[in-house]
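These numbers come from the heavy atoms of this one structure, side chains and all, not from hydrogens, waters or symmetry mates. One-based numbering, in listed order, for ligands and for the atoms of each.
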Amino acid sequence: MDSFIEQTLAMRAKRTYREEDRLLIQKGGYVSPNPNLYDDILVALSLKKPILLKGPSGSGKTRLAQSISALFQQPMQSVNCSVDLDAEALLGFKTIVSQDGQSTIEFVDGPVVTAMKRGHLLYIDEINMAKPETLPILHSLLDHRRMLTNPFTSEVIVAHEDFSVLSAINEGYIGTSPMNEALKNRFVSFSIPYLQAEQLRTVLEQAVPEAEAPVIDTIMNLSEDLSKQAANGLLADEAASVRSLINALQLAVHMPVDRAVTYAIAELLEDKMERDLVNELTATWVK
Ligand SMILES: Nc1ncnc2c1ncn2[C@@H]1O[C@H](COP(=O)(O)OP(=O)(O)OP(=O)(O)O)[C@@H](O)[C@H]1O
Ligand SMILES: [Mg+2]
């Protein structure tokens with residue numbers, strides 16, 4: 001393992017970190033599509049860079065964040081962005097607490113403040129769904145200052161040394177807006193593709209250990225066809241989503257593969273021609 005990452009891990013876990021631990025944690029966790037991606041993300045995180053994960057639905061962004069949380073032994077605070085996201089959902093809110101007949105106003109820390117104070121991992125999902133005016137409150141946190149002034153309490157909060165940020169986006173989806181340049185500029189960014197070939201097989205086998213080899217082979221063959229047709233523009237990219245392939249494989253343990261694929265993949269596509277194409281491709285692999 002890269003000694004720089006090893007040192008960071010040892011520092012965070014406050015103990016020596018062994019290669020066996022890392023492999024154990026990775027089992028069932030995020031599988032890197034190439035030898036570099038996962039380690040490069042760990043290097044960037046170790047340098048305290050906020051990370052932006054860009055990838056389609058079901059490409060493993062959340063799983064990647066969960067794996068890093070396990071690897072660093074660092075709990076994860078999650079924020080799901082939407083147009084309704086406001087400063088309170090990020091930072092927390094004031095509440096009245098009654099004790100011994102006395103009422104006092106206390107501030108309940110939200111996910112951002114909790115992660116900052118305790119050195120947790122902050123996962124901001126679908127960051128491009130938030131209204132552009134909501135997120136500038138995080139700018140000072142996401143650059144070298146690593147602090148923010150809580151507007152509700154006027155408290156100046158400096159992030160714990162271990163505090164880290166991972167954000168995820170699905171580019172170009174309905175309801176998303178292009179990320180504000182000043183916000184985007186604070187991140188280092190990684191494209192998260194759908195897995196293919198052996199890495200995909202590993203994930204399928206780990207996700208559905210009870211599936212038999214011929215069924216996994218069929219799903220693997222179909223996935224190759226789906227990726228090709230998506231590359232040709234004949235299918236939506238999400239047709240080859242790893243999540244959908246896992247769903248299809250789980251159903252296929254209990255029913256014929258063609259029905260499983262219809263429910264888990266074809267029926268999710270808007271266009272009838274795309275649905276028919278998926279079913280036709282499946283038929284070529286099912287005897
Ligand atoms: N590279 C990968 N390694 C391990 N598991 C993966 C990988 N890619 C996808 N998966 C599996 O696919 C499923 C979906 O992954 P996940 O929820 O992380 O996707 P996502 O990119 O966060 O999707 P969304 O954008 O819809 O939230 C999970 O069961 C996950 O374990
Ligand atoms: Mg996700």
| query | Contact between A207 and ligand 1, counting heavy atoms under 4.0 Å? | reply | no
| Does ligand 1 have any atom that is closer than 4.0 Å to a heavy atom of G58? | yes
Would you say that [X] contacts [Y] through its side chain, given a criterion of any heavy-atom pair below 4.5 Å between the two side chains?
X	Y	result
F163	L141	yes
Y30	I41	no
Q99	Q102	no

Which ligand 1 atoms, with their elements, are less than 4.0 angstrom from a heavy-atom of [X]?
X	value
N170	25 (O)
G29	3 (N), 4 (C)
Y30	1 (N), 2 (C), 3 (N), 4 (C)
G60	7 (C), 8 (N), 9 (C), 15 (O), 16 (P), 18 (O), 19 (O), 20 (P), 21 (O)

Below 3.5 angstrom, do we get any N/O pair linking [X] and ligand 1?
X	answer
V31	yes
R243	yes
Y123	no

| field | Cluster link V43 to L166, ILVMFWY, side chain under 4.5 Å | value | yes
| field | L37 with L47, same ILVMFWY side-chain cluster at under 4.5 Å | value | yes
| Testing I124, N180, I127, L142 for side chain to side chain contact (heavy atoms under 4.5 Å, CB included) with L135, which one passes? | I127
Just to be sure I read this right, does ligand 1 sit under 4.0 Å from the backbone of [X], its side chain, both, or neither, counting only heavy atoms?
X	value
I192	neither
L195	side chain
T62	both

| remark: Filtering L64, T202, I246 for the heavy atom nearest atom 11 (C) of ligand 1 leaves I246
| query | Taking both backbone and side chain into account, is any N, O or S atom of T62 nearer than 2.8 Å to the Mg ion (ligand 2)? | reply | yes
| message | How about CZ on R145, more than 12 heavy atoms from neighbouring residues, nucleotides or ligands closer than 6.0 Å, or not? | response | yes
| message | Measuring from atom OG of S223 to atom OH of Y194, what distance do you get when rounded to the nearest 0.5 angstrom? | response | 11.5 Å
| request: Starting from the C-alpha separation in whole Å, work towards a yes-or-no answer on side chain to side chain contact (heavy atoms under 4.5 Å, CB included) for E238 and S244. | output: CA-CA 8 Å; E238 289 67 34; S244 301; over 6 Å; no
